[in-house]
Amino acid sequence: MGFYSANTLEQKRVKQLTGDINIHDRFKNECKTRGIPIYNAYNIQKRLIHEVEQEQLVGVKQVDDRLMELLDERGKNKVTHRYVDFISNEDSASKGTIPPRSDEETKLPPKDQIKIPPRSRDGQTFKTDNELSQDEMLKKIMLQNKKIINQNKIIIDLLKKVNNND
C-alpha cells in the first residue's frame, strides 16, 4: 500500500520553507542574517501554519508573499535577497498528491440527488415520520415507550439492590 499525504499545497510549502516541527537550518540562518531571534522564527512558522489552516492563504504564491512580509516586519537588518526565491516551488507542488480525475470520463449527479439506502444489503428504505400512516406511527411510539419502560425497570431494580446493600 502506498502512503498518501493529506497536506495541502500550502501546508507543504510552509514546511518546505520553514521546517516541520524543528526549524530548518537555512530558515534559522535567514532569520540570523535579518536579526530575528529564534523564538520569533518559531512564531513566524506558527503564524503561517495558522493562517493556512484558517484558509486565509490560498496558493503557494500567497504563502511566499506572507512569509516575506513577516520576515520584513520582524527583521532588524535590511537584506537585499528574497528568501523564498532560493527554495524551488516544484518540490512541494506534486509530491504525495493524487491528480484529479478528468470530468470527461464520468459525470456524477450532485450529492443531493444521490440516495443511498440505510441498509445496503437488502436495499430496504425506511419511511420518515411524515410518510407513516397513523397506525404505523402509533406502533412506533408504543415500541419506543416499551423500551423506555424496560430501561426504567432495570434502573429501579439496580437502585433497589444498591439500597439493600447499604
Side-chain angles (χ1 to χ4, degrees), residues 1-121 123-131 144 147-148 151-152 154-155 158-159 162:
M1 261 213 221
F3 175 74
Y4 176 72
S5 173
N7 292 338
T8 62
L9 293 176
E10 294 86 6
Q11 290 171 332
K12 289 179 186 179
R13 185 63 176 167
V14 170
K15 286 180 183 175
Q16 187 181 20
L17 291 171
T18 61
D20 196 358
I21 295 169
N22 298 320
I23 291 181
H24 286 314
D25 289 334
R26 62 178 176 247
F27 186 62
K28 283 183 188 176
N29 294 338
E30 180 67 23
C31 290
K32 279 183 189 174
T33 58
R34 291 176 182 267
I36 300 173
I38 191 71
Y39 63 88
N40 270 342
Y42 279 106
N43 290 341
I44 289 171
Q45 181 188 34
K46 285 181 189 174
R47 183 83 223 142
L48 275 175
I49 291 171
H50 176 72
E51 288 180 8
V52 166
E53 286 174 352
Q54 297 299 318
E55 296 180 359
Q56 294 173 353
L57 301 176
V58 179
V60 176
K61 175 94 172 91
Q62 281 190 349
V63 172
D64 291 352
D65 292 341
R66 182 63 179 147
L67 175 63
M68 290 311 298
E69 283 177 28
L70 292 171
L71 286 174
D72 290 339
E73 281 177 16
R74 308 246 172 121
K76 297 173 185 162
N77 307 332
K78 289 290 178 190
V79 178
T80 58
H81 63 275
R82 262 179 68 90
Y83 168 69
V84 294
D85 292 340
F86 294 129
I87 297 140
S88 68
N89 257 344
E90 294 89 31
D91 295 341
S92 64
S94 62
K95 262 189 179 176
T97 59
I98 296 173
R101 188 180 276 182
S102 65
D103 292 338
E104 300 166 0
E105 293 175 14
T106 58
K107 279 280 190 180
L108 293 175
K111 287 186 178 181
D112 301 339
Q113 295 177 3
I114 298 174
K115 198 166 190 180
I116 299 172
R119 297 193 306 180
S120 59
R121 65 177 179 270
Q124 179 182 355
T125 58
F126 298 104
K127 296 179 181 177
T128 61
D129 289 345
N130 298 336
E131 297 171 344
Q144 290 173 346
K147 288 179 185 176
I148 293 171
Q151 288 173 347
N152 288 341
I154 293 171
I155 292 172
L158 291 173
L159 286 173
V162 169

Output, in order, the C-alpha distance, side-chain angles, deciding distance and verdict of side-chain contact (heavy atoms from CB on, under 4.5 Å) for Asn29 and Thr33. CA-CA 6 Å; Asn29 294 338; Thr33 58; 5.6 Å; no

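Rounding to the nearest 0.5 Å gives a distance of 10.5 Å between CG of Leu71 and CZ of Arg66. Distance check: Leu67 CG to Asp72 CG gives 9.5 Å after rounding to the nearest 0.5 Å. Between the CD atom in Gln16 and the NE2 atom in His24 there is a gap of 7.5 Å [rounded to 0.5 Å]. Taken from CD in Gln11 to CG in Asp20, the straight-line distance is 10.5 Å, to the nearest 0.5 Å. Interatomic distance, Ile44 CD1 to Thr18 OG1, rounded to the nearest 0.5 Å: 9.5 Å. Rounding to the nearest 0.5 Å places CD of Glu30 at 12.5 Å from CD1 of Ile23.
With a 4.5 Å cut-off on side-chain heavy atoms, Val63 and Leu9 do not count as touching. Residues Leu57 and Leu48 meet the side-chain proximity criterion, which asks for heavy atoms closer than 4.5 Å. Within the 4.5 Å cutoff, the side chain of Val162 has no heavy atoms near those of the Leu158 side chain. You'll find the side chain of Asp25 reaches within 4.5 Å of the side chain of Lys28, heavy atoms only.
Other residues, nucleotides and ligands place no more than 12 heavy atoms under 6.0 Å from the CD atom of Glu55.
Of the possible donor and acceptor atoms, one in the side chain of Gln45 sits under 3.5 Å from a partner among the backbone N and O of Gly19.
Using a cutoff of 4.0 Å between basic side-chain nitrogens and carboxylate oxygens, Arg13 and Glu10 are not scored as salt-bridged.
What you find for Gln62 and Gln56 is that their closest heavy atoms are OE1-O, 3.9 Å.
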